[in-house]
Amino acid sequence: MLTKLLIGGEWRAGSSAMPVLDPATGETIAEVAAGTPADALEACDAAAEAQKSWAATAPRVRAEVLRACWQNLVDHADELAELITREHGKPLADAKGEVAYAAEFFRWNSEEAVRLHGSISTAPGGANKIIVQHPPVGVVLVVTPWNFPAAMITRKVAPALAAGNAVVIKPAEDTPLTALRVAELLQQAGVPDGVINVVPTADAASWFEAAVDHHAVRMVSFTGSTETGRKLLRRSADRVLKVGMELGGNAPFIVFDDADIDAAVEGAMVAKMRHSAQTCTAANRFFVQARVADEFTTKLSAAMAAIKVGNGFAEGVDCGPMINAAAVSKIDGLVQAATAGGATSALGGSAVDGPGFFYQPTVLADVTAGSAITGTEIFGPVAPVISFTDTDDMIANANDTEMGLAAYVYTSDIGRGLAVSERLESGMVGLNRGAMSDPAAPFGGMKQSGLGREGASEGIYEFCETQYIAADW
Ligand code: SIN
């Protein structure tokens, strides 16, 4: 297991170490070098130095390096998946899915690297030509979460590198092992020294505080909670840095009474439970039309009851542990407050005894819109069901949140589905689908769920400047 810092192509010991836990047992599985603010600054120096020559390579050269990165990640998929399950806890099958998803960002962006189009036009007055091109921003700070230890790194690093930037990565404290191994695989695939640096830390605030002021840093790309995103935004504003922010969600999952209820339950299980129910896109509030609310709740409870909770390495496990003890107590607090407020527990409703940090798959019926559990990102295997009769009221309730990342709509009337989708204040909508993540699609949120989009053809432009040259010839 790699446990050192990667700075300027060298693997360096840190001045102190931090433990990495297996959330399925609570035991320490590794001690990883804990980077200091000085390490973060050295990594920024190395990135600044390497970025110039990387940006000067031909797009085709960068494209081929990125393609080799995709191949190397795919070639090491089993090993990477084991590492993800070891430090995150998600079932091995989900971890394998994550590696394929993570690798795909490199293949997609290898194709985008040679299609970073600018434009040329004649000014309306005819006086000059307007040439527009997209140079890289420079050095990018990449700050990533623990829920997708590989994919949230590659979703940022692949387009950043495709555009000619260098990156300094601060992986989540809970999951640095995958980040370090991914970086090594990218190095082996031909990414030059210094273009990727990884500096895990146990003191994220001091790390960021130092790095954000480095003269070469021109962008902060973050995935994580809205609360932390706001802090990083405030601090980035001091240097007027470009930002990419993928923040929290509070996804409504809407089921109309003309929907195929079995298909809706199947989609609900994906939207709620993928990656052990710890995704920003997770269905957080189930709005179900009154006529089918009991049927949906009964069938959803049966599907949730069939979920096998346990160690992600064990055969047949569908849901691994929560990331830590604090996550379990936050989920439990929300569930207890909901039942105290009148919700009924159709299934589950409590934590699972340790070792490890597990929560029972839980379905809550008779939940009222506006209660704490519908206003908070649960990040756990809990499905609150709210019955509705009036579509306009339901849409108002679905939009009654500062979050706007993902939403889901199930109906057999595609016209109604599209009309409702358009009224949802959400960056992404799954229409008769329980998952929408795709490197070829723009991932991101409206309102306080974020700024910018990752993936698709616009993803690479987030890591670019726009330069206009007024030319007369
Ligand atoms: C996230 O939870 O932040 C990402 C989910 C995804 O990419 O599917």
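Because the structure is predicted, anything quoted here is derived from the model rather than measured. Read the numbers this way: they start at 1 and go in the same order the structure lists the ligands and their atoms. Below, each value reflects all heavy atoms present in this structure, side chains not excepted, and no hydrogens, waters or symmetry copies.
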task = With heavy atoms only and a cut-off of under 4.0 Å, state how R155 meets ligand 1: side chain, backbone, both or neither.
result = side chain

request  = Considering the heavy atoms of R274, write down every atom of ligand 1 situated less than 4.0 Å from one of them.
outcome  = 6 (C), 8 (O)

key: K156 charged N/C atom sitting above F463 aromatic ring, 6.0 Å / 45°   = no

task = Look at the aromatic rings of F286 and F253 and report parallel, tilted or perpendicular, splitting at 30° and 60°.
result = tilted

query = So which bit of H275 gets within less than 4.0 Å of ligand 1, heavy atoms only: side chain, backbone, both or neither?
reply = neither

key: ligand 1 to T223 polar contact by distance, N or O atoms, under 3.5 Å   = no

query = Are R433 and Y408 in a cation-pi setup, meaning NZ or CZ lies under 6.0 angstrom from the ring centre and within 45 degrees of the ring axis?
reply = no

query = Going by the order shown, which atoms of ligand 1 are within less than 4.0 Å of some heavy atom of T279?
reply = 2 (O)

query = Where is the nearest protein heavy atom to atom 5 (C) of ligand 1: which residue, which atom, and how far?
reply = F148 CE1, 3.6 Å

Polar contact flag, side-chain donor to acceptor under 3.5 angstrom, E87-T178 = yes

Protein heavy-atom partner closest to atom 7 (O) of ligand 1 - residue, atom, separation in Å = Y101 OH, 2.7 Å

inquiry  = If the threshold is 4.0 Å, N to carboxylate O, is there a salt bridge linking R181 and E184?
reply    = yes

query = Which heavy atom of the protein is the closest neighbour of atom 8 (O) of ligand 1, given with residue, atom name and distance?
reply = S437 OG, 2.4 Å

ask   = Does R67 count as lying over the ring of F106, i.e. NZ or CZ under 6.0 Å from the six-ring centre, within 45 degrees of the axis?
value = no

Lys/Arg N to Asp/Glu carboxylate O, R274 vs D94, below 4.0 Å = no

remark   = atom 2 (O) of ligand 1 sits nearest the protein heavy atom C280 N, 2.7 Å

inquiry  = At under 4.0 Å between heavy atoms, is it the side chain or the backbone of Q278 that contacts ligand 1, or both, or neither?
reply    = neither

